[in-house]
Amino acid sequence: MGSSRMTEYERRRLENIKRNGEMLAALKIHSRVSELSATAKRERAQSKSYKRTPVKKPKTEGPVVLRRSLRARGVPPDAATAGGLSDDVDDEKKTKKIPKWNPDSMRRKSPGEVGPVAMRDAYAGDDGLDHKLVETISQCSQKSVLSEGPCDSIDNLEKSENLEILKAGKGLRGSVDVGALQLKSENIARLVPGRIMSLRFFPTMDMQMVVVGNKFGDVGFWNVNGKKEDGDGIYLYHPHPGPVSGIAIDPFSISKMYSSCYDGFIRLMDVEKEVFDMVYYSEYTIYTLSLCPHDTKSLYFSEGKGGVNVWDVRAGKSVLSCDLHEDRINTIDFNSENENIIATSSTDGAACIWDVRNINADKPESLKTLRHKRAVHSAYFSPTGKFLATTSIDNKVGFLSGPNYENTSMVYHYNQTNRFISTFRGIWGWDDSSIFIGNMNRGVDVIFVAAKDTVATIRSDLMSAIPCRFHAHPYNIGMLAGATSGGQVYIWTLS
DNA sequence: CCACTGATTACTAGC
DNA sequence: GCTAGTCCATCAGTGG
């Protein structure tokens, strides 16, 4: 590499930075929200943060063997070891390659083995609070059982559509003035080290609990109302050996939380048994995980290059396994009005709507396909199910509408994140009016369907990083969580 | 068709 | 405050 090449490289790099700066500047003009804070010194709000045990000695184990997705290599499912727990422990597991750039994954015994892991063994904090999370969730589930419903606050609701929605395990609906969403300093915390890949609220009104999964296989919990003596309600676990790609909590039993991992594992955190149980393991990379809302024994997840698997947790077997896309599937979402209808988004550039009762595994045909010019990173149905919103790195957010989703509209949104920032995914709030989506200027853009445009940007001086993954609290209208690639979580509230 | 290479440039940990 | 390290994303370009 000669010095003249370096100079040329440096020049191109500066040009790129300048060009991106101009793009951001254009975005700023577009936004109707004050940009006063864009260059202002940001206050660091890090009073709350995860705590972990000291780094254990890195253990070098045996010969290094790289596991690769068989599906990605075109090996048919029969030839793979995909399947349930009856399969023998894969020897490769014990010699799994530990990336040298990831000291975090070496700090303790990696739970990359088949079988249950006790929650206390997976606890990664050093504060002696390893049982506090169990107590908190148990108390909450106890209440739910007594009230014979998802929670005991149903009586406080108007006897309306919302009651039915709650009983069905769905989220509540309602409109929110986005201008009223506030980010308070006590609602910011760092839950895990490194990049957050998945984020969920616990579906209950009895507490405000978020859980995140990061790139190192850590899972962090935050009881937002947790007391200071309880570690601010922040608890860190390490149940997976690699990136946590999906989290799903049973809306009828919040003591059951599923999580998936790039390394092919699905575990069930069962608070009653106090273990991270092994539910599924295969050679394929699992990119996303979803729980069927009305049939919570059915896990839907994506495998390898374009595959979808539907796993019956009770029976311990697959009820459907087929290739729906040409490349990795990034999200699977259920239509709340008709839960036989799902939407998938894929790196192959398509977002598809399917009827799960009618998928021919040999020749699957979608009800509807929306094509983007590049990879699609999410496809989510609106709260009523009447719209589908897609997010693609082709800098478009797509909306499908109409009785058969025959109407398409594309809205410009800058979706270029670099390799250190997770991709943006536009998520719905509590009604069909708009979606929330991160932007590279440390804000949350609100795109209104009717306006086909970004009509507001939520910003705060307290945000020190880009929020890229979001979840709207299913039962607490106006409570929005955003996660960053540095392990932080922001929670906006209405008051 | 696939495998590989190179560029990208936000954030945090740690001095 | 500043700097080094990050490296399981993604795309474009290449070479077989």
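Letters A, B, ... are given to chains in the order of the sequence lines, protein chains preceding strands, and every chain is numbered from 1. What you see is a predicted model, and the numbers here were worked out from it, not measured in a lab.
- Inspection of the A/N395 and A/N415 side chains reveals no N or O donor paired with an N or O acceptor under 3.5 Å.
- The phosphate of B/dC11 (OP1 or OP2) has a side-chain N or O of A/R442 nearer than 4.0 angstrom.
- Within a 6.0 Å radius of CD in A/E326, no more than 12 heavy atoms belonging to other residues, nucleotides or ligands are found.
- As a whole-Å value, the separation of A/D348 CG from C/dA9 C1' is 16 Å.
- Residue A/K305 contributes atom NZ, which lies 5 Å from atom P of B/dC2 at whole-angstrom precision.
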Could you list the protein-to-nucleotides 10-13 of chain C atom pairs, N/O on both sides, closer than 3.5 Å?
| unit_1 | atom_1 | unit_2 | atom_2 | d |
| --- | --- | --- | --- | --- |
| C/dT10 | OP1 | A/H377 | ND1 | 3.3 |
| C/dT10 | OP1 | A/H377 | NE2 | 2.3 |
| C/dT10 | OP2 | A/R328 | NH1 | 3.3 |

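- Among residues two or more places apart in sequence or in another chain, the salt bridge (charged side-chain N to carboxylate O under 4.0 Å, His left out) test is passed with A/K396 by none.
- Close to C/dC8, at under 4.0 Å from its OP1 or OP2, lies no side-chain N or O of A/Y284.
- Take A/D312 and apply the side chain to side chain donor-acceptor pair (under 3.5 Å) test, not counting sequence neighbours, and it matches no residue.
- One can place CG of A/N214 at 17 Å from P of B/dC11, the figure rounded to the nearest angstrom.
- Side chain of A/N441 to main chain of A/G443: no donor-acceptor pair is present (N/O by atom type, distance under 3.5 Å, no hydrogens or angles).
- When distances run from any side-chain atom of A/Q488 to the nucleotides C/dT6, B/dT12, B/dA10, the shortest one goes to B/dT12.
- Atom CZ of A/R190 and atom C1' of B/dG14 are 13 Å apart (whole Å).
- Look at A/F420 and the base of C/dT6; the rings stack, centres closer than 5.5 Å and planes less than 30° apart.
- Considering A/P364, A/C352, A/S302 in turn, A/P364 is the only one that fulfils the side-chain contact (heavy atoms from CB on, under 4.5 Å) rule with A/L324.
- We find that CD1 of A/I196 is positioned 20 Å from P of C/dT6, with the value rounded to whole Å.
- Place A/T484 and A/R419 on DNA chain B by their nearest nucleotides, and A/R419 ends up nearer the 5' end.
- Remark: A/K215 is not in phosphate contact with C/dA9, judged by side-chain N or O atoms under 4.0 Å from OP1 or OP2.
- Proximity of a side-chain donor or acceptor of A/S321 to a complementary backbone N or O of A/N309 within less than 3.5 Å is not detected.
- If you take CD1 of A/I421 and C1' of C/dC7, they are 14 Å apart, rounded to a whole angstrom.
- Nucleotide B/dT9 holds its C1' atom 13 Å from the CD atom of A/Q416, rounded to whole Å.
- Closest to the A/N418 side chain, of the nucleotides B/dC11, B/dT9, C/dA9, is B/dT9.
- Here B/dC11 presents its P atom at 17 Å from CE of A/M197, a figure rounded to the nearest Å.
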